[in-house]
Amino acid sequence: MNKTLLCILGPTAVGKTATAITLAKQLNTEIISADSRQFFKEISIGTAKPSKQELAEVKHHFIGHLSIHDNYNAGDFERDALTILNELFKTHNTVIAVGGSGLYVKALIDGLDDMPKADEDLRSELNELYKTEGILALQNKLLIINENIYQQTELQNPQRVMRAIEVALAMQKGFVPNKKKNPREFNVIKVVINLDREVLYQRINTRVDLMMQEGLLNEAQTMQPYKDNYALQTVGYTELFNHLNGDYTLPKAVELIKQHTRNYAKRQITWFKKEAPQYWFNPTQTNEIIALLINKKPIT
RNA sequence: GGUGCGGUAGCUCAGUCGGUAGAGCAAAAGACUGAAAAUCUUUGUGUCGGGGGUUCGAUUCCCUCCCACACCA
């Protein structure tokens, strides 16, 4: 097993894109992006996709391969990314995965269990129930269907309860969850790119201003009719939708985008602390990462 | 200058019929296997504008000053 997937994790705006491109050029390989919002071709400015120039330097996969009208999730990504990855391993010993979406990276590396698929019709029904009758109604529904799952579910979290109902109903219809992991045919090295909190937050603020200069407001305006799509439940867009809606001024919206981006970065860091506590670098330490790749035993 | 309304947590504000206070947001920490840039959990914080008076006790009542806003001149 001499194939290795080098995973570059890190919070938003830390400089993952540039780091990954530098590494990919040195390793003469390609990049699999694991960023749940850069998948969508219609939203580019607010998702900080790699530039045309950057995309020309190194071949990227999963950038703009979907429409905001598509439904897509971590399970779909696992399947699609594995397919591409296995293709790439035919001609490369090392492939790079970059991403800020912890769950998606995890799906690629560890695999998700065999569980029921998302049921959009059921979800709109449950969302309606939640909107009209609140979390208690969801909790009760779950309790009636499957007490066992009820006890394992984070009951204050509406999305979790809805998913639990989805799973419980599928099991009622005969679905048998399979928790067996599929072992991967490749090694994995996970590194986290990070900066001092203060520096990172400053970069976030600056990047949001830059996005506004590049026309984020206009992009959001174009997307406004589809603001309820999952793809547009995204920092940078929701705030501008609310502004266009008349909820607050543009400067206020920009301030909130910065704030919510900082909150998001914080959540990512929390995830990565657990995911890969061993190897943390700053964005310029590409040589150290290469050295790690060569010298260290791969970790999983 | 006059009148009115206000000054309480980093911000927006609630409240205390007198016994030194609390929500939301922010912040910090955390959870997270098909919505994940989503969603959720936990935690603190205060010379209650300054000074004086009444009172056993004032952030609360009274007086005065300062500041902000609105209206009138």
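Numbers restart at 1 for each chain; the letters A, B, ... are given by sequence-line order, proteins then strands.
- A donor atom on one side chain and an acceptor atom on the other are found under 3.5 Å apart for A:Glu239 and A:His260.
- Comparing the P positions of B:G34 and B:C40 gives an interatomic distance of 16 Å, to the nearest angstrom.
- Per the geometry, CG belonging to A:Leu126 stands 15 Å off C1' belonging to B:U39, to the nearest Å.
- Taking the side chain of A:Gln38 as heavy atoms from C-beta on, and the options B:A36, B:A37, B:G30, the nearest nucleotide is B:A37.
- Base contact: A:Thr47 has a heavy atom under 4.0 Å from a base atom.
- Using a 4.0 Å cut-off, no side-chain N or O of A:Ser36 falls inside it from OP1 or OP2 of B:A38.
- Listed pair A:Thr12 / B:A37 fails the phosphate criterion, with no side-chain N or O lying under 4.0 Å from OP1 or OP2.
- Rounded to an integer number of Å, the gap from A:Gln268 CD to B:C40 P is 18 Å.
- With no hydrogens or angles considered, no side-chain donor-acceptor pair links A:Thr153 and A:Arg160 at under 3.5 Å.
- Among the atoms of the strands shown, none is found under 4.0 Å from any heavy atom of A:Phe77.
- Salt-bridge check for A:Asp35 with A:Lys49: failed, with every basic side-chain N at 4.0 Å or more from each acidic carboxylate O.
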Test log, rule side chain to side chain donor-acceptor pair (under 3.5 Å), inputs A:Tyr230 and A:Asn71: CA-CA 8 Å; A:Tyr230 289 151; A:Asn71 283 316; over 6 Å; no
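- For B:A38, neither phosphate oxygen OP1 nor OP2 lies less than 4.0 angstrom from any side-chain nitrogen or oxygen of A:Tyr72.
- The side chain of A:Ala74 approaches B:G34 more closely than any other nucleotide in the set B:C40, B:A36, B:G34.
- Residue contacts shown for A:Gln259 are limited to sugar-phosphate atoms, with no base heavy atom under 4.0 Å away.
- If you check every strand for non-hydrogen atoms under 4.0 Å, A:Tyr201 touches sugar and phosphate atoms only.
- For B:G34, the base is syn relative to its sugar; the glycosidic angle is within 90° of 0.
- The residue A:Gly102 sits apart from the nucleic acid: no heavy atom pair falls under 4.0 Å.
- Base contact: A:Asn127 has a heavy atom under 4.0 Å from a base atom.
- Residue side chain A:Arg267 does not reach the base of B:A29 through any donor-acceptor N/O pair under 3.5 Å, judged by distance alone.
- Side-chain proximity of A:Glu154 to B:C40, B:G34, B:A28: nearest is B:C40.
- For B:A28, the OP1/OP2 oxygens have no side-chain nitrogen or oxygen of A:Arg262 closer than 4.0 Å.
- Taking atom OH of residue A:Tyr230 and atom P of nucleotide B:U39, one finds them 12 Å apart after rounding to whole Å.
- Between the CG atom of A:Leu103 and the P atom of B:A36 there is a distance of 8 Å, given to the nearest Å.
- Between B:C13 and B:A36, the two P atoms lie 36 Å apart (nearest whole Å).
- Classification of the A:Phe89-A:Phe186 ring pair by plane angle, with boundaries at 30° and 60°, yields tilted.
- Residue A:Tyr248 contributes atom OH, which lies 18 Å from atom P of B:U12 at whole-angstrom precision.
- Within the structure, every side-chain polar atom (N or O) of A:Tyr264 is placed at least 4.0 Å from both OP1 and OP2 of B:A38.
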Report the C-alpha distance between A:Leu27 and A:Leu6 in whole Å, list the side-chain angles of each, state the deciding distance to 0.1 Å, and finish with yes or no for side-chain contact (heavy atoms from CB on, under 4.5 Å).
CA-CA 11 Å; A:Leu27 297 166; A:Leu6 175 61; 4.3 Å; yes
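- Base pairing annotation: B:A27 forms a Watson-Crick or G-U wobble pair with B:U43, both donor-acceptor distances under 3.5 Å.
- The P atoms of B:U54 and B:C63 are separated by 15 Å, rounded to the nearest whole Å.
- With C1' as the reference atom, B:G44 and B:C25 are 15 Å apart, rounded to whole Å.
- Comparing the same atom, C1', in B:U16 and in B:A73 gives a spacing of 38 Å after rounding to whole Å.
- Spacing of P atoms, B:A14 relative to B:A23, comes out at 16 Å, to the nearest Å.
- With B:A31, B:A37, B:A28 as the choices, the nucleotide that has an atom nearest any side-chain atom of A:Thr270 turns out to be B:A31.
- Atom CG of A:Asp113 and atom P of B:G34 are 10 Å apart (whole Å).
- Between A:Lys273 and B:G30 there is a side-chain polar atom (N or O) within less than 4.0 angstrom of OP1 or OP2.
- Contact annotation for A:Arg197: backbone-only contact, meaning every heavy-atom pair under 4.0 Å involves sugar-phosphate atoms and none involves a base.
- Nearest-nucleotide positions on RNA chain B for A:Ser101 and A:Asn73 put A:Asn73 closer to the 5' end.
- Regarding contacts with the backbone of B:A26, a side-chain N or O of A:Asn263 is found under 4.0 angstrom from either OP1 or OP2.
- For the side-chain contact (heavy atoms from CB on, under 4.5 Å) criterion with A:Asn187, the lone passing option out of A:Leu5, A:Thr94, A:Thr4 is A:Thr4.
- Straight-line distance between the C1' atoms of B:C17 and B:U59: roughly 15 Å, to the nearest whole Å.
- Remark: C1' of B:A36 and CD of A:Glu78 are 15 Å apart, rounded to the nearest angstrom.
- OP1 or OP2 of B:G30 sits under 4.0 Å from a side-chain N or O of A:Lys266.
- Listed nucleotides: B:A28, B:A27, B:U39. Nearest to the side chain of A:Asn157: B:U39.
- Side-chain atoms of A:Glu219 and A:Tyr237 form a donor-acceptor pair, as typed in the model, at a separation below 3.5 Å.
- Separation of the C1' atoms belonging to B:A9 and B:C48 is 10 Å when rounded to the nearest angstrom.
- The side chain to side chain donor-acceptor pair (under 3.5 Å) test with A:Thr12 is passed by exactly one of A:Arg203, A:Arg262, A:Arg207: A:Arg207.
- Atom CE in A:Met162 sits about 18 Å away from atom P in B:U33, given to the nearest Å.
- For the pair A:Tyr237 and A:Arg160, both in contact range of RNA chain B, the more 5′-proximal nearest nucleotide belongs to A:Arg160.
- With hydrogens and angles ignored, a donor-acceptor pair under 3.5 angstrom links the side chain of A:Asp35 to the base of B:A37.
- For the pair A:Arg163 and B:U39, the criterion of a side-chain N or O lying under 4.0 Å from OP1 or OP2 is not met.
- The A:Gln159 side chain lies nearest to B:A38 when the options are B:U33, B:A38, B:A27.
- Look at B:A58: it lacks any Watson-Crick or wobble partner with both distances under 3.5 angstrom.
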